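Worth saying up front: this structure is predicted, and the values here are computed from it rather than measured.
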Amino acid sequence: MKIKSILCISVLALGAGLVTPLTQVQAATYVGVQIGQPPPPRYEVVPPSRAGYVWAPGYWRWNGRRHVWVGGNWMRARPGYRYVPPRWERGPRGDWQMRPYRWDR
């Protein structure tokens with residue numbers, strides 16, 4: 001009898017909107033990470049040019065704990081586009097943000 005009473009009260013509470021169904025429960029988590037200024041770029045010897053390719057210089061990447069150097073490499077050129085390398089920019093709150101490479105017209 002006790003189980004039937006609990007079940008009846010639960011159904012009535014759900015119908016009246018007193019209890020939120022589990023499908024509507026949401027949780028939000030925010031984790032902020034402060035990334036320090038990256039070290040200055042390393043000097044790389046640029047290899048001789050290759051037809052149909054653009055040299056993408058190396059850059060500092062954040063691996064979750066520290067900056068690690070990613071060496072430069074050749075990327076296939078895109079006719080009509082200009083390669084813009086990745087770069088670090090200082091954000092409005094003084095934090096550092098990585099802007100990935102892109103192709104501009």
**Q** Does W74 share a hydrophobic cluster with W103, counting links as ILVMFWY side-chain heavy atoms below 4.5 Å and allowing steps through other members?
**A** no
**Q** Quick one: does P47's side chain get under 4.5 Å of W55's, heavy atoms only?
**A** yes
**Q** Which heavy-atom pair separates R87 from M98 by the least distance, and what is that distance?
**A** O-SD, 3.4 Å
**Q** Supply the atom-to-atom distance W96 CH2 to E89 CD, rounded to the nearest 0.5 angstrom.
**A** 9.0 Å
**Q** Between E44 and G72 (side chain of the first, backbone of the second, donor and acceptor by atom type, cut-off under 3.5 Å), is there such a pair?
**A** yes
**Q** What distance do R102 atom CZ and R82 atom CZ have between them, rounded to the nearest 0.5 Å?
**A** 7.0 Å
**Q** Can you hop from V84 to V54 via hydrophobic side chains spaced under 4.5 Å?
**A** no
**Q** Measuring only between side-chain heavy atoms, which start at C-beta, is Q37 closer than 4.5 Å to W88?
**A** no
**Q** Look at the aromatic rings of Y101 and Y83 and report parallel, tilted or perpendicular, splitting at 30° and 60°.
**A** tilted
**Q** What pair of heavy atoms forms the shortest contact from Y53 to R76, and how long is it?
**A** OH-NH2, 3.1 Å
**Q** What heavy-atom pair brings Y59 and P86 nearest, and what distance separates the two atoms?
**A** CD2-CG, 3.5 Å
